[in-house]
2 protein chains.
Amino acid sequence: MKEYSIGQMSRRTGVKVTTIRYYESRGLILSPARTTGRQRRYDEAALERLAFLRHARELGFGLDDIADLMALAEAPLKDCAPAHEIARKQLAAVDRRMKILAQLREELARMANADDPGHAGKCRVIEVLGDHRLCIGAHEA
Amino acid sequence: MKEYSIGQMSRRTGVKVTTIRYYESRGLILSPARTTGRQRRYDEAALERLAFLRHARELGFGLDDIADLMALAEAPLKDCAPAHEIARKQLAAVDRRMKILAQLREELARMANADDPGHAGKCRVIEVLGDHRLCIGAHEA
DNA sequence: ATACGATCTACAGCGACTGTAGGTTCAAGG
DNA sequence: CCTTGAACCTACAGTCGCTGTAGATCGTAT
């Protein structure tokens, strides 16, 4: 059975050592076994959960939502009704995120492809960012 | 000469009143004129700067990057290559994010729509988001 | 046996807000 | 005018998700 130190976990997932300990303190990952010298030793399952956590964070999910998603992953063995509700809620969140990202992408592509960077003409990046017609969200409130 | 209260600025740009004051305290926008009762009164130029700030934040720029961009906007003859570089970097990040979100979306949709919640098959959310091949950033360190 | 990097705990600090308390100002209606 | 109530003011604590520091201990390679 393979074992990993916290540093190996960090290298394999890209999550910083301090952040791993922070996740543990928040209850997002289980407290792992310890050596006699009280150093953490993780197994393969812990590695997978951490990789999941990392990707979910990169997608912009909050830690509470991630806790829900993790519960969802374990749900099929139990009652699925709450799991489906979480799935629907997260699906809606994902759809909103994708919609916004698609708009961001368009604007950024326009910015990145504007005038030649070194060229004598004026830089459109600033203009584009200031343009009211390109507002991403409806801004009420 | 049109004048706007902080609340009107907020409504016009979608930036919350408290956040506008925060931006001022961070030096990102100039301290506006005040009424005799010490309430802020903004002009059209301030509105434009705030709109710029809002859009840049939505695109994921940090406040320091935004300060740099604003400085660039005031020296338009200077080379704007760094601004293009920032835009390209953000664009790449957005593309990676969208790709992963699409996969998660598919999995969540499958789970949310499963006719047979109890036997719909193993939940693959963790697998989908745990997949190393989908990593957004290079993770060295 | 020693050296030296990795790990430990505890806690302070950061970025970008957000919320609260408690008071003041402005504009509209009576 | 005067009242009323929303909008505004300052100051500061709290939030989220980390990140960094200090000082001590552990573990492994030579």
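Per chain, numbering begins at 1; letters A, B, ... match sequence-line order. Being a predicted model, the structure only gives us computed values, none of them experimental.
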For B:R57, salt bridge (charged side-chain N to carboxylate O under 4.0 Å, His left out) partners two or more places apart: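 Salt bridge (charged side-chain N to carboxylate O under 4.0 Å, His left out) check on B:R57 returns nothing, list empty.
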Pairing residues for A:D43 by the salt bridge (charged side-chain N to carboxylate O under 4.0 Å, His left out) criterion, not counting sequence neighbours: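 For A:D43, no residue satisfies salt bridge (charged side-chain N to carboxylate O under 4.0 Å, His left out) once neighbours in sequence are set aside.
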Heavy-atom closest contact (B:M70 atom, B:L28 atom, distance):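 Taking every non-hydrogen atom into account, SD-O, 3.6 Å.
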Interatomic distance, A:R34 CZ vs D:dG27 P [rounded to whole Å]: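 Rounded to the whole Å, the gap is 11 Å.
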Nucleotide D:dA7, atom C1' - distance to CD1 of B:I20 in whole Å: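 About 13 Å, once rounded to whole Å.
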Outermost nucleotides of DNA chain C that come under 4.0 Å of a non-hydrogen atom of chain A: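 Span of nucleotides near chain A: C:dT7 to C:dT9.
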All side-chain contact (heavy atoms from CB on, under 4.5 Å) counterparts of A:V17, not counting sequence neighbours: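 side-chain contact (heavy atoms from CB on, under 4.5 Å) list for A:V17, sorted by chain: A:I6, A:S10, A:R21.
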Footprint string (nucleotides 13-25 of chain D, 5' to 3'): B base within contact, S backbone only, - free, heavy atoms under 4.0 Å: ----BBS------
Non-hydrogen side-chain atoms of B:E24 and B:R40 separated by less than 4.5 Å: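 Yes, their side chains come closer than 4.5 Å.
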Worked check of side-chain contact (heavy atoms from CB on, under 4.5 Å) between B:L63 and B:Y23: CA-CA 9 Å; B:L63 294 186; B:Y23 287 159; 3.9 Å; yes
B:R40 vs D:dC9: side-chain N/O to OP1/OP2 distance below 4.0 Å: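 So the side-chain polar atoms of B:R40 do come within 4.0 Å of the phosphate oxygens OP1 or OP2 of D:dC9, strictly under.
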Enclosure of B:E106 CD (heavy-atom neighbours >12, cutoff 6.0 Å):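 No, not enclosed.
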Residues that A:Q39 engages under side-chain hydrogen bond (donor to acceptor under 3.5 Å, both in side chains), provided they are two or more places apart: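 A:Q39 satisfies side-chain hydrogen bond (donor to acceptor under 3.5 Å, both in side chains) with A:R41 only.
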